[in-house]
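What follows is one structure encoded as structure tokens, with my remarks underneath.
Everything numeric in this text was worked out from a predicted model, so none of it was measured. Just so it is clear: chains get the letters A, B, ... in the order the sequence lines come, proteins before strands, and each one is counted from 1.
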Amino acid sequence: MKKLGQKIFGWIDERVHMDDLLEFMGKKYVPINSHSIWYYFGGVSLFLFLIQVITGIMLLLYYKGSEELAYESIQFIMSKVEFGWLVRSIHSWAANLFVLAAMIHMFSVYFTKSYRKPREITWLTGMLMFFLALAFGFSGYLLPWNELSFFATKVGTDIVGVLPLVGKPMLEFLRSGEDVTGATLSRFFGFHVAVFPGIFTVLLGIHLLLVQRQGMSEPLGHEGAAHDEEKRMPFFPNFILRDLLLWLLILNLIALLAVFFPWELGQKADLFAAAPAGIKPEWYFLFMFQTLKYLPAQILFVDGELVGILFFGLAGLLWTLVPFWDRKSSRGERNHLVNYLGLGAVLYIILLTILGWLA
Amino acid sequence: MSEPPSIPPSESKRDFLKVLLGGSLVAWVGAILYPVVAYLRPPKQPEVEVTSVTVGPLESLEKGSGTIVRFGNKPVLVIRLDSGEVRAFGATCTHLDCTVQYRHDMGVVWCACHNGKYDLSGKNIEGPPPRPLDVYRVIIQGDEVLVAQNT
């Protein structure tokens with residue numbers, strides 16, 4: 001058996017020169033410092049994404065993306081298909097944990113300033129993937145075609161329509177018409193299972209390639225892994241094995257959540273019913289939702305929601321471009337402003353999320 | 001021997017080709033993009049022009065309650081006040097497109113999405129809604145309640 005394995009390896013090696021790759025893998029290391037724990041969250045996000053791909057493809061075998069059949073097909077998956085309830089529940093739970101892991105990954109990179117030169121492209125691709133993760137969440141939320149998802153989509157797309165000039169065409173593009181209908185469902189289905197995964201895969205490829213090529217970033221003031229063997233561990237096998245152990249734990253956690261807290265399906269969407277009391281979006285949109293509730297109808301002659309949307313848009317843009325305006329960190333100096341802004345953002349998000357939760 | 005022209009003929013020929021090729025390229029890209037963009041824009045569905053709909057017999061509307069009826073492809077909220085008077089409003093919240101409901105306990109028209117409130121004449125009185133609800137005309141023909149567009 002071992003001989004056969006060696007033979008196959010030899011056959012491939014002769015053609016593609018695996019030794020270079022193995023040498024590279026052997027030299028790769030992960031720095032050990034007081035912030036090392038954050039290195040795991042990128043891998044965790046990746047693992048959760050892979051779960052989404054696998055369970056997503058499984059759901060795709062039974063799901064029907066139309067107004068008449070979407071809700072019923074998920075009912076079918078959950079009640080008739082063997083383990084269908086489990087697959088759907090895992091897909092929903094892993095989606096939420098994916099956003100959470102990506103969020104932790106993003107904030108840890110932000111606060112350790114790992115986006116600084118030369119890793120600007122890694123940060124940018126990461127931020128784009130994060131926005132895509134939210135888009136995945138938003139589009140996937142509609143697919144069961146239930147009451148909550150119907151109104152969430154109405155509100156979410158109407159927010160886009162508030163934008164001056166581009167708003168209306170964008171709204172009609174997203175909704176496939178003026179209103180949220182079965183045509184919107186078909187469109188979101190296409191985005192969710194084809195457009196977004198395609199773009200995400202390209203970005204992920206670039207992101208991972210850069211991480212491999214440039215190695216792990218060390219936080220300012222914790223450098224030295226390159227020269228000190230005590231301050232690093234080999235990527236293969238030491239780090240990879242720790243990573244895999246964590247993945248295993250997370251898979252168990254998801255299984256427990258999916259079994260003991262199965263994801264509900266709710267009521268089928270009725271286009272001519274009032275929005276139900278207590279309606280709320282997914283937790284990761286809650287802080288923006290809650291902000292919209294507090295904004296008055298008009299702020300200085302401008303519609304309140306437009307002010308809110310422009311504020312979040314601008315904040316998101318500034319956040320995404322942090323490697324380009326934070327020059328201090330790239331020079332190896334401390335930049336307290338970045339920390340205060342980040343801390344402010346985190347506190348705001350946590351506070352508004354709690355308020356939204358309690359409301 | 002005459003002076004050579006300031007622009008050699010080959011230059012102007014090159015410029016001509018540049019314009020020709022550049023223009024063709026732009027036209028080619030346009031010819032590809034136009035159908036793609038046009039395809040992404042949903043076609044206008046023919047809509048049946050609705051001017052009025054029948055809600056039902058007056059006694060089917062309980063005093064102090066509201067119901068949503070289908071007006072073409074828009075929801076319309078029909079309310080019967082405690083006094084017995086019937087009023088109708090477009091049920092689409094002017095804030096972010098949710099569907100509103102009549103809350104007898106609060107004495108207002110309420111939107112569950114962002115806690116917007118309208119009084120019983122459709123005026124936005126609290127929360128984020130920027131404009132009042134559309135008002136519909138209520139016609140009572142014998143015992144039948146009809147709702148019509150306000151002209």
Side-chain angles (χ1 to χ4, degrees), chain A residues 147-148 150-162 169-181 183-184 186-187 190 195 269-281 288-299 301-309 356 359, chain B residues 36-47 53 55 65-79 89-106 108-118 123-133 147:
Chain A
E147 222 178 14
L148 290 179
F150 173 69
F151 283 107
T153 306
K154 263 172 110 71
V155 171
T157 49
D158 209 66
I159 284 174
V160 177
V162 170
M170 272 170 75
L171 176 126
E172 287 192 12
F173 166 71
L174 287 172
R175 289 184 173 179
S176 188
E178 281 180 12
D179 297 308
V180 175
T181 59
T184 319
S186 298
R187 215 157 253 223
V195 181
D270 178 354
L271 274 58
F272 293 93
I279 187 168
K280 266 182 206 138
M288 290 191 271
F289 170 84
Q290 194 63 20
T291 307
L292 286 182
K293 270 191 182 178
Y294 292 136
L295 289 175
Q298 300 257 306
I299 301 172
F301 309 108
V302 185
D303 277 3
E305 68 255 27
L306 181 61
V307 175
I309 293 147
Chain B
V36 172
V37 173
Y39 181 88
L40 293 177
R41 272 201 359 233
K44 284 266 170 281
Q45 300 282 3
E47 269 171 41
V53 294
V55 179
S65 78
T67 181
I68 288 173
V69 295
R70 207 181 156 138
F71 196 94
N73 53 12
K74 299 262 176 270
V76 166
L77 175 67
V78 182
I79 302 171
F89 307 102
T92 308
C93 183
T94 56
H95 179 224
L96 291 172
D97 210 25
C98 276
T99 309
V100 297
Q101 56 188 290
Y102 172 53
R103 285 288 296 260
H104 185 246
D105 52 341
M106 298 185 201
V108 295
V109 175
W110 180 63
C111 182
C113 288
H114 302 93
N115 205 19
K117 286 175 189 161
Y118 303 85
K123 195 171 167 288
N124 47 321
I125 48 168
E126 213 185 299
R131 279 174 295 280
L133 294 170
V147 168

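Contacts of A:Phe289 with chain B are made by both backbone and side-chain atoms, with heavy-atom separations under 4.5 Å. Looking at A:Val180, there are no atoms closer than 4.5 Å to chain B (heavy atoms on both sides), in backbone or side chain. A:Pro276 touches chain B through its backbone: at least one of N, CA, C or O sits under 4.5 Å from a heavy atom, while the side chain does not. For chain A, the nearby parts of B:Lys74 are the backbone and the side chain; heavy atoms of each come within less than 4.5 Å. The part of A:Ala273 that comes within reach of chain B is its backbone (N, CA, C, O), which places non-hydrogen atoms under 4.5 angstrom from that chain. Interface residue A:Leu292: backbone and side-chain heavy atoms are both found under 4.5 Å from chain B.
Other residues, nucleotides and ligands contribute more than 12 heavy atoms inside 6.0 Å of the CZ atom of B:Arg131.
Put simply, of B:Cys93, B:Pro75, B:Pro129, B:Gly66, the one with the most heavy-atom pairs under 4.5 Å next to chain A is B:Pro75. Highest contact tally toward chain A, considering only B:Thr94, B:Asp97, B:Val69, is held by B:Asp97 [criterion: heavy-atom pairs under 4.5 Å]. The candidate from A:Glu172, A:Arg187, A:Glu178, A:Lys280 with the greatest count of non-hydrogen atom pairs under 4.5 Å with chain B is A:Arg187.
Closest approach of A:Lys154 and B:Cys98 over heavy atoms only: CE-CA, 4.5 Å. The shortest heavy-atom contact between B:Cys113 and A:Val155 is SG-CG2, 4.1 Å. Looking at every heavy atom in both residues, A:Ala275 comes nearest to B:Gln101 through O-NE2, 2.8 Å. Shortest non-hydrogen contact noted between B:Ile68 and A:Phe272 is CG2-O, 3.5 Å. Residues A:Asp158 and B:Leu96 approach most closely at OD2-CA, 3.3 Å, considering heavy atoms.
With values rounded to the nearest 0.5 angstrom, B:His95 atom NE2 is found 7.5 Å from A:Ile159 atom CD1.
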